[in-house]
Peer 1: 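Here it is: the structure, laid out below.
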There are 2 protein chains.
Amino acid sequence: MYSFTEENYIKAIYKLQEKSGISVNTNAIAEIMQTKAASVTDMIKKLSEKKLLSYAKYKGVELTETGRKMALEMIRKHRLWETFLYDKLNFSWDEVHDIAEQLEHIKSTKLIDCLDEFLGFPENDPHGDPIPGKNGLIQRIELYKVSELGIGEFGVISGVVNHSSLFLQHLEKNQLVLGKGIEIVSKSDFDQSLRIKIEGGIPIMISNEVARNVLLKKSR
Amino acid sequence: MYSFTEENYIKAIYKLQEKSGISVNTNAIAEIMQTKAASVTDMIKKLSEKKLLSYAKYKGVELTETGRKMALEMIRKHRLWETFLYDKLNFSWDEVHDIAEQLEHIKSTKLIDCLDEFLGFPENDPHGDPIPGKNGLIQRIELYKVSELGIGEFGVISGVVNHSSLFLQHLEKNQLVLGKGIEIVSKSDFDQSLRIKIEGGIPIMISNEVARNVLLKKSR
DNA sequence: TAATATTTTTAGACTAGTCTAAAAATATTT
DNA sequence: AAATATTTTTAGACTAGTCTAAAAATATTA
């Protein structure tokens with residue numbers, strides 16, 4: 001059985017590996033874990049001894065197969081709990097993360113499967129992120145940043161890059177929520193802000209910052 | 001914010017105070033917490049410094065008002081989660097305790113109230129134990145052990161004294177579950193075992209041990 | 001009352017996880 | 001290639017929580 005801290009480290013490393021490709025460095029882990037580089041070195045030595053990652057001094061770390069499986073289990077639990085909080089308990093999508101961060105550590109071989117069934121085997125969490133299956137497989141579809149679309153193109157909001165509370169609240173306030181269709185009307189050459197038309201709403205302006213953090217499934 | 005260990009100690013002390021009246025001794029706490037007396041002494045010193053209990057060497061401990069409130073919050077959370085596992089995720093009543101022991105530590109000012117609402121503000125958990133309200137008040141009714149009833153008396157199964165997994169499984173196997181009416185048919189002078197008639201079932205024998213651990217609401 | 005048994009506390013050692021400061025290694029700049 | 005900057009590791013100190021063994025206090029028995 002692994003400690004909460006061990007599980008959190010493995011999850012953080014998995015996320016960094018997803019972004020950067022292969023190897024993950026000490027400072028990057030320290031930043032996500034909100035701790036000091038020395039603490040990271042201490043912990044990754046232990047995790048290496050437990051065969052969850054492979055590590056050589058000054059060479060960064062990579063999760064082992066065991067580590068990756070553990071990470072995917074954590075992500076599955078996290079996203080299923082977020083879905084429960086959102087769908088069943090009416091939490092808003094910017095409130096669910098911190099609670100799911102705690103719930104994901106519950107040790108029970110059966111609980112998360114029962115929750116999965118209870119929720120109707122959802123494929124995505126409230127932010128549009130894919131929920132890994134019991135077998136650890138993630139079903140991904142190709143998503144595009146709003147900033148990557150051209151004038152006249154359409155898409156359906158299906159994810160967010162930035163999960164911060166403030167950002168999610170900003171999106172909700174502007175009706176930029178999962179499932180909404182949008183069309184790119186025009187783009188400013190000056191600051192790359194966009195004028196977009198939201199399905200069921202009036203055209204609005206969004207900054208380039210927002211455009212780079214909202215993900216779409218392309219449509220027509 | 002309190003640690004999991006601190007919360008567990010407070011809960012254990014509350015339960016012991018409920019049984020024994022006022023003061024609780026070190027060995028009793030050690031037994032519930034499955035730890036050594038020395039560890040208990042160390043911890044109750046800390047909890048005393050945090051004003052959760054009052055403590056004098058060799059004199060046992062008593063929870064303060066703050067400690068009692070915290071204990072009732074923990075019990076409320078525990079029982080609501082047990083109810084969720086049982087009612088919504090179809091866990092059996094002997095499986096819920098260990099999972100609820102973990103879930104009760106989730107820190108969120110809003111979560112348990114949303115869960116309470118989601119469950120329809122239940123008054124009892126799957127074992128018949130009363131669920132404290134948000135205000136900390138427990139609604140109790142008078143229950144009797146089966147062994148306290150006379151021949152010909154009736155009652156409805158409304159609680160259990162012993163919460164062990166094996167005992168709960170034994171009860172379920174014998175249809176001795178919450179809500180069932182029973183009538184005392186006869187009693188053996190030899191070993192105090194009882195012959196009882198269960199509503200909707202055939203008469204069965206139960207040992208004195210079982211009779212002392214099943215609680216009834218009296219009826220007619 | 002004294003001897004014995006039991007309970008509780010204290011002292012010191014341990015692990016898990018954190019930190020700061022300094023040392024070691026690597027990367028970058030000149 | 002040398003100097004400088006940055007990253008990473010190591011050493012030692014800290015807290016939380018645990019343990020064993022011994023000491024202290026209380027309870028029980030003779």
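Predicted model only: the values in this text are computed from it and were never measured. Chain letters run A, B, ... following the sequence lines, proteins first, then strands; residues in each count from 1.
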Peer 1: Who are the salt bridge (Lys or Arg N to Asp or Glu O under 4.0 Å) partners of A:Arg68, not counting sequence neighbours?
Peer 2: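 Counting only residues at least two positions away or on another chain, A:Arg68 forms a salt bridge (Lys or Arg N to Asp or Glu O under 4.0 Å) with A:Glu65.
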
Peer 1: When you look for runs of 3 or more Watson-Crick or G-U pairs in a row, both distances below 3.5 Å, which of them include DNA chain D?
Peer 2: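 Stems found: C:1-30 with D:1-30.
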
Peer 1: Could you give the CG-to-P distance, from A:Asp42 to D:dA13, as a whole number of Å?
Peer 2: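 Result: 15 Å.
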
Peer 1: Under 4.0 angstrom, heavy atoms only, what part of the nucleic acid is B:Phe4 near: base, sugar-phosphate, or nothing?
Peer 2: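 No contact.
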
Peer 1: In whole Å, what is the span from the CD1 atom of B:Ile44 to the P atom of C:dT9?
Peer 2: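 My rounded result for the distance is 5 Å.
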
Peer 1: Counting only side-chain heavy atoms from C-beta out, which of D:dT8, C:dA16, D:dT18 sits nearest to A:Lys46?
Peer 2: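 Output: C:dA16.
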
Peer 1: When we call it a touch if two heavy atoms are under 4.0 Å apart, what does B:Ser39 touch: a base, just sugar-phosphate, or nothing?
Peer 2: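 Result for B:Ser39 = base.
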
Peer 1: Report yes if a side-chain nitrogen or oxygen of B:Tyr9 is closer than 4.0 Å to either non-bridging phosphate oxygen (OP1 or OP2) of D:dT18; otherwise report no.
Peer 2: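 Yes, B:Tyr9 has a side-chain N/O under 4.0 Å of OP1/OP2 on D:dT18.
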
Peer 1: Rounded to the Å, how far apart are A:Leu47 CG and C:dG17 P?
Peer 2: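 My rounded result for the distance is 9 Å.
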
Peer 1: For B:Lys45 and C:dT8, give me the distance from atom NZ to atom C1', rounded to whole Å.
Peer 2: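 The distance from NZ of B:Lys45 to C1' of C:dT8 comes to 10 Å, rounded to the nearest Å.
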
Peer 1: By nearest atom, which of the nucleotides C:dT8, D:dT8, C:dT10 is closest to the B:Asn27 side chain?
Peer 2: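 So the side chain of B:Asn27 is nearest to C:dT8.
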
Peer 1: Look at A:Asp113 together with A:Arg76 and state whether they make a salt bridge at an N to O cut-off of under 4.0 Å.
Peer 2: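 Looking at A:Asp113 and A:Arg76, the cut-off is met.
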
Peer 1: Just compare C:dT20, C:dT18, D:dT8 and give me whichever is closest to any side-chain atom of A:Met43.
Peer 2: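 So the nucleotide nearest the side chain must be C:dT18.
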
Peer 1: Whether A:Lys134 and A:Asp116 form a salt bridge (side-chain N of Lys/Arg under 4.0 Å from carboxylate O of Asp/Glu) is what I want to check.
Peer 2: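 Here A:Asp116 does not pair with A:Lys134 in a salt bridge, since their nearest N and O are not under 4.0 Å apart.
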
Peer 1: Identify the heavy atoms of A:Asn8 and A:Glu104 that sit nearest to each other, and give their distance.
Peer 2: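 Nearest pair, atom of A:Asn8 first, then A:Glu104: OD1-OE2, 3.5 Å.
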
Peer 1: Under the ring-ring contact (aromatic ring centres under 6.0 Å, His included) rule, collect the residues that match up with B:His97, sequence neighbours excluded.
Peer 2: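 Scan of B:His97 (ring-ring contact (aromatic ring centres under 6.0 Å, His included), adjacent residues dropped) gives B:His78.
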
Peer 1: Give one of base, sugar-phosphate or nothing for B:Asn25, where a contact means two heavy atoms less than 4.0 Å apart.
Peer 2: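 Since only primed, P, OP1 and OP2 atoms lie under 4.0 Å of B:Asn25, the category is sugar-phosphate.
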
Peer 1: When B:Lys11 is tested against each of B:Glu18, B:Glu73, B:Glu6, B:Glu101 for salt bridge (Lys or Arg N to Asp or Glu O under 4.0 Å), which residue passes?
Peer 2: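 Exactly one pass, corresponding to B:Glu101.
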
Peer 1: Rounding to an integer number of Å, can you tell me how far B:Glu49 CD sits from D:dA16 C1'?
Peer 2: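 It works out to 13 Å between those atoms.
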
Peer 1: Is it true that A:Lys88 and A:Glu82 have a side-chain N and a carboxylate O under 4.0 angstrom from each other?
Peer 2: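 A:Glu82 and A:Lys88: not salt-bridged.
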
Peer 1: Judged by each residue's nearest nucleotide on DNA chain C, which is more toward the 5′ side, A:Glu6 or A:Tyr58?
Peer 2: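 By nearest-heavy-atom nucleotide position, the 5'-most residue is A:Glu6.
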
Peer 1: Kindly point out which of C:dT9, D:dT18, C:dT18 is positioned nearest to the side chain of B:Thr35?
Peer 2: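 Of C:dT9, D:dT18, C:dT18, D:dT18 is nearest to the side chain of B:Thr35.
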
Peer 1: Find the distance B:Glu31:CD to C:dT8:P and express it as a whole number of Å.
Peer 2: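 It works out to 12 Å between those atoms.
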
Peer 1: Are any of B:Tyr2's side-chain N or O atoms less than 4.0 Å away from OP1 or OP2 of D:dA16?
Peer 2: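 It does not, given that no N or O in the side chain of B:Tyr2 lies less than 4.0 Å from OP1 or OP2 of D:dA16.
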
Peer 1: Mind calculating the distance between CD1 (A:Ile29) and P (C:dT18) to the nearest angstrom?
Peer 2: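 About 13 Å, once rounded to whole Å.
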
Peer 1: For residues A:Phe91 and A:Phe84, establish whether the separation of their ring centroids is below 6.0 Å.
Peer 2: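 No, the ring of A:Phe91 stays outside the 6.0 Å limit from the ring of A:Phe84, centre to centre.
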
Peer 1: Please tell me which of the listed nucleotides, D:dG17, C:dC19, C:dA25, lies nearest to the side chain of B:Thr5?
Peer 2: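 Looking only at side-chain atoms, B:Thr5 lies closest to D:dG17.
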
Peer 1: Does B:Lys57 make a side-chain N or O approach to OP1 or OP2 of D:dT26 shorter than 4.0 Å?
Peer 2: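 No, because none of the side-chain N or O atoms of B:Lys57 sits under 4.0 Å from OP1 or OP2 of D:dT26.
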
Peer 1: For B:Tyr55 and C:dT8, give me the distance from atom OH to atom P, rounded to whole Å.
Peer 2: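 Checked: the OH to P distance equals 10 Å.
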
Peer 1: State which of C:dA11, D:dT9, C:dT18 makes the closest approach to the side chain of B:Ala38.
Peer 2: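 The closest nucleotide is C:dA11.
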
Peer 1: Of the options C:dT7, D:dT8, C:dG17, whose atoms approach the side-chain atoms of A:Thr41 most closely?
Peer 2: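 Looking only at side-chain atoms, A:Thr41 lies closest to D:dT8.
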
